[in-house]
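To start, the structure under review is shown below, and the notes come after it.
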Amino acid sequence: MNINADLSKRAVVKSSELPWTASPMSGVDRRMLDRIDDKVERATTIVRFAPGSTFSPHVHGGGEEFLVLDGVFQDEHGDFPRGTYVRNPPTSHHTPGAAEGATIFVKLWQFDPKDRNQVNVDTLSQEPQPVVDRPGVSEIALYQDANERVRIECWEAEQLVSLDDHNGLEILVIEGDFIESGDNFGVHSWLRLPADQPFVATAGAGGARVWVKSGHLKSPVNG
């Protein structure tokens, strides 16, 4: 099954408007944002864990990155409360669950196969730093390598926000909202733009806090 599989096209998912779909594991439901089902399942998903639910132990052959949107996500390595950003590189493994329930934004099979960088950032404890030459924009750096840059961006109310040479862009709304190409993106809405399409948006009346990844679509990784 392919969903928004053409990385050369703009993709929009307003996930709050989608029904939850049951996963193979009891108590774990999903809202699929994109998926390329080839030899492996390259996927971007919002996943909801009911209280007490767990997922089977598994190895991340192509890596996993996630942002906890609410609740407390857990595995044998610790607890990851709301706002935690984690990268589990290829060959890592865990047994995830959520004793009290959690919702996460997760990307699978999208790492460089040689990547072995483990990342764990409590984004709610970080102070966003102003971005040079981007008025009204501040950010929390999460990860950067030769293939991509990941961060949290905070946009002031009604601020015009733009990016031209982003080499591919994904944005997930954490708080607030913005308008781009006539579409309103509210909480947990997701936008993906190809490398050749500039990003121009206006933050809503309350501003916006968004997760951003860029640079990764100039030469897609099939980890």
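Model, not experiment: these values are computed from the prediction. The analysis underlying the following values was restricted to heavy atoms, covering all of them including side chains, and did not include hydrogens, waters or symmetry mates.
N167 places no side-chain N or O within 3.5 Å of a backbone atom of A195 that could act as its donor or acceptor partner. Side chain of S23 to main chain of M25: a donor-acceptor pair is present (N/O by atom type, distance under 3.5 Å, no hydrogens or angles). Formation of a donor-acceptor pair under 3.5 Å by the R192 side chain with backbone atoms of N4 is found in this model. In this structure, R149 contributes its side chain and G215 its backbone to no donor-acceptor pair below 3.5 Å. Between the side chain of D29 and the backbone N or O of R48, no donor-acceptor pair lies under 3.5 Å. Side-chain atoms of E64 never come within 3.5 Å of backbone atoms of V106 as a donor-acceptor pair (strictly under, hydrogens ignored). Side-chain N or O atoms of Q110 include one that pairs as donor or acceptor with a backbone N or O of A43 at under 3.5 Å. Looking at H216, its side chain never comes within 3.5 Å of a backbone N or O of F111 through a donor-acceptor pair. Looking only at distances, a side-chain donor or acceptor of S15 sits under 3.5 Å from a matching main-chain atom of H188.
Contact of the H77 side chain with the V86 side chain is not registered, since no non-hydrogen atoms from C-beta on lie closer than 4.5 Å. Using a 4.5 Å cut-off on side-chain heavy atoms (C-beta onward), T95 and D75 make no contact. Side-chain contact between V119 and L142 is absent, with no heavy-atom pair separated by less than 4.5 Å. Using a 4.5 Å heavy-atom threshold, the side chains of E170 and W211 count as touching. Looking at M32 and T21, their side chains never come closer than 4.5 Å, going by heavy atoms from C-beta outward. At least one side-chain heavy atom of L191 sits less than 4.5 Å from a side-chain heavy atom of F199.
Distance check, rounded to the nearest 0.5 Å: CD of Q144 to CG of N117 gives 12.0 Å. The line from CH2 of W190 to CD1 of I171 is 11.5 Å long, rounded to the nearest 0.5 Å. Atom CZ of R31 and atom OG1 of T45 lie 12.5 Å apart (nearest 0.5 Å). Atom CD of E158 sits about 15.5 Å away from atom CZ of F178, to the nearest 0.5 Å. A distance of 12.0 Å separates CD of Q197 from NZ of K9, quoted to the nearest 0.5 Å. Separation of atoms NE2 (H166) and CG (L217) is listed at 9.0 Å; rounding is to 0.5 Å.
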* To do: Give the intermediate values and the outcome of side chain to side chain contact (heavy atoms under 4.5 Å, CB included) for residues I36 and W109.
  => CA-CA 10 Å; I36 300 175; W109 282 97; over 6 Å; no
* For the pair I104 and F49, evaluate side chain to side chain contact (heavy atoms under 4.5 Å, CB included) and give the outcome as yes or no after the intermediate values. => CA-CA 8 Å; I104 66 172; F49 288 76; 4.2 Å; yes
* To do: Assess whether side chain to side chain contact (heavy atoms under 4.5 Å, CB included) is satisfied between N88 and Q118, documenting all intermediate values.
  => CA-CA 6 Å; N88 291 320; Q118 183 78 41; 2.6 Å; yes
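In this structure, L108 is not a member of the same hydrophobic cluster as I3, with clusters built from ILVMFWY side-chain heavy atoms closer than 4.5 Å. Using a 4.5 Å cut-off between side-chain heavy atoms of Ile, Leu, Val, Met, Phe, Trp and Tyr, with links allowed through other members, L169 and L172 fall into different hydrophobic clusters. Note: the hydrophobic cluster containing V150 does not contain V131 (ILVMFWY, side chain heavy atoms under 4.5 Å, direct or indirect links). Hydrophobic cluster membership is shared by L193 and V12, with clusters built from Ile, Leu, Val, Met, Phe, Trp and Tyr side chains linked at under 4.5 angstrom. In the hydrophobic clustering of ILVMFWY residues, with side-chain heavy atoms under 4.5 Å counting as a link, V173 and L33 come out apart.
In this structure, a donor-acceptor pair under 3.5 Å is present between the side chains of S214 and R151. For the residue pair T44 and K107, a side-chain donor N or O sits within less than 3.5 Å of a side-chain acceptor on the partner. For the residue pair Y85 / E65, a side-chain donor-acceptor distance below 3.5 Å is found, with atom types taken as modelled.
Between K114 and D145 there is no salt bridge, since none of the side-chain N atoms of the basic residue sits less than 4.0 Å from a carboxylate O of the acidic one. Using a cut-off of 4.0 Å between Lys/Arg side-chain N and Asp/Glu carboxylate O, E148 and R87 are scored as salt-bridged.
When all heavy atoms of C154 and P128 are compared, the pair lying nearest together is SG-CG, 3.8 Å. Closest heavy-atom contact between E180 and A201: CB-CB, 4.0 Å. Annotation for A203 and W155: closest pair CB-CB, 3.9 Å, computed over non-hydrogen atoms. Of all heavy-atom pairs spanning W20 and I46, the tightest one is CZ3-O, 3.6 Å. Closest approach of G186 and D177 over heavy atoms only: CA-CB, 4.0 Å. The two residues S53 and S26 make their nearest non-hydrogen contact at CB-O, 3.9 Å.
Note on ring orientation: taking the six-membered ring where Trp is involved, the planes of F80 and F73 are tilted (angle from 30° to 60°).
Looking at residues two or more places apart in sequence or on another chain, you find a side chain to side chain donor-acceptor pair (under 3.5 Å) between Q74 and D79.
Screening E139, Q159, E153 against R134 for a side-chain hydrogen bond (donor to acceptor under 3.5 Å, both in side chains) leaves a single residue, E153. In summary, of the residues considered (V187, L67, V210, T123), a side chain to side chain contact (heavy atoms under 4.5 Å, CB included) with I174 occurs for L67 alone.
No more than 12 heavy atoms of other residues, nucleotides or ligands lie within 6.0 Å of CZ in R82, so this atom counts as exposed by the packing criterion.
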